[in-house]
*Asks:* 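Input: one structure, supplied below.
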Amino acid sequence: MDEKISTADRRAAAICAAVRAIKRGSFLSYGEVARRAGLPGRARLVGKVLREAGDARPKLPWHRVTAAGGRIAFPAGSASARRQLRLLAREGIETRGNRAVVKRRSAGARSLDALLWKL
DNA sequence: CGGGTGACAACGT
DNA sequence: AACGTTGCCACCC
């Protein structure tokens, strides 16, 4: 049975591999996972793959994948969001509201919009 | 073939 | 920090 391996399946496999490669205690954004899987620009595909993998691959560390800037992709307060936050916290990742705290490089980069808002 | 949709990202206001 | 827009790509009607 020479199963034709569709590109979709090949991509899904690459994405799962990239997710499995995320070390315990750290996390990556969808875009970054896509890039590491050799699929730059396919962040949305990562989301789709993880959603479907949820039913079939309970071992996959899906909780280590966040939206840009550590934001949790699920609606704040939803069961899924709380589940993900709990799993991250359990690995020692600091969480704040509906996000995983990203290591800051410096404190001065946000002046721009902070101004607009604040005043 | 055209339009809607989504566990996204980047940018502007 | 919070929305709205646009770009993006794979899928499904």
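Here is the naming used below: chain letters follow the sequence lines, and residue numbers restart at 1 for every chain. Model, not experiment: these values are computed from the prediction.
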*Asks:* What is the distance from CZ of A:Arg11 to P of B:dC8, rounded to the nearest Å?
*Replies:* 18 Å

*Asks:* Contact class for A:Ala8 (heavy atom, under 4.0 Å): base, sugar-phosphate, or nothing?
*Replies:* sugar-phosphate

*Asks:* Mind calculating the distance between CG (A:Leu88) and C1' (B:dA7) to the nearest angstrom?
*Replies:* 13 Å

*Asks:* Taking the side chain from A:Arg99 and the backbone from A:Gly97, do they hold a donor-acceptor pair closer than 3.5 Å?
*Replies:* no

*Asks:* Distance check needed: B:dC8 C1' versus A:Phe74 CZ, whole Å only.
*Replies:* 13 Å

*Asks:* Return the value, rounded to whole Å, for the distance between atom CD1 of A:Ile15 and atom P of C:dC9.
*Replies:* 14 Å

*Asks:* Using whole Å, report how far CZ of A:Arg71 lies from P of B:dA10.
*Replies:* 12 Å

*Asks:* As a quick check of understanding, evaluate salt bridge (Lys or Arg N to Asp or Glu O under 4.0 Å) for A:Glu32 and A:Arg36, giving each step before the final call.
*Replies:* CA-CA 6 Å; A:Glu32 187 57 24; A:Arg36 294 192 183 192; 3.3 Å; yes

*Asks:* Taking atom P of B:dC8 as reference, at what distance in whole Å does atom CZ of A:Phe27 sit?
*Replies:* 16 Å

*Asks:* Could you pull out the closest heavy-atom pair between A:Leu60 and A:Arg20, with the gap in Å?
*Replies:* CD1-CG, 3.6 Å

*Asks:* Look at all strands and tell whether A:Ser80 reaches a base, only sugar-phosphate, or nothing, counting heavy atoms closer than 4.0 Å.
*Replies:* nothing

*Asks:* Roughly, in whole Å, what's the span from CZ in A:Arg42 to C1' in B:dT5?
*Replies:* 18 Å

*Asks:* 5'-most contact on DNA chain B: A:Ala67 or A:Leu45, nearest heavy atom basis?
*Replies:* A:Leu45

*Asks:* With rounding to the closest Å, how many angstrom separate the C1' atoms on B:dA7 and C:dC13?
*Replies:* 22 Å

*Asks:* Please tell me which of the listed nucleotides, B:dA7, B:dA9, C:dC11, lies nearest to the side chain of A:Ser29?
*Replies:* B:dA9

*Asks:* At their closest point, which heavy atom of A:Val102 faces which heavy atom of A:Phe27, and how far apart are they?
*Replies:* CG2-CZ, 4.1 Å

*Asks:* Write down the distance between CG (A:Leu39) and P (B:dC8), rounded to a whole number of angstrom.
*Replies:* 17 Å

*Asks:* My understanding is that only one of A:Ile15, A:Leu28, A:Val19 makes a side chain to side chain contact (heavy atoms under 4.5 Å, CB included) with A:Val65; could you say which?
*Replies:* A:Val19

*Asks:* Any base atoms under 4.0 Å from A:Arg44, or only sugar-phosphate, or nothing? Heavy atoms, all strands.
*Replies:* base

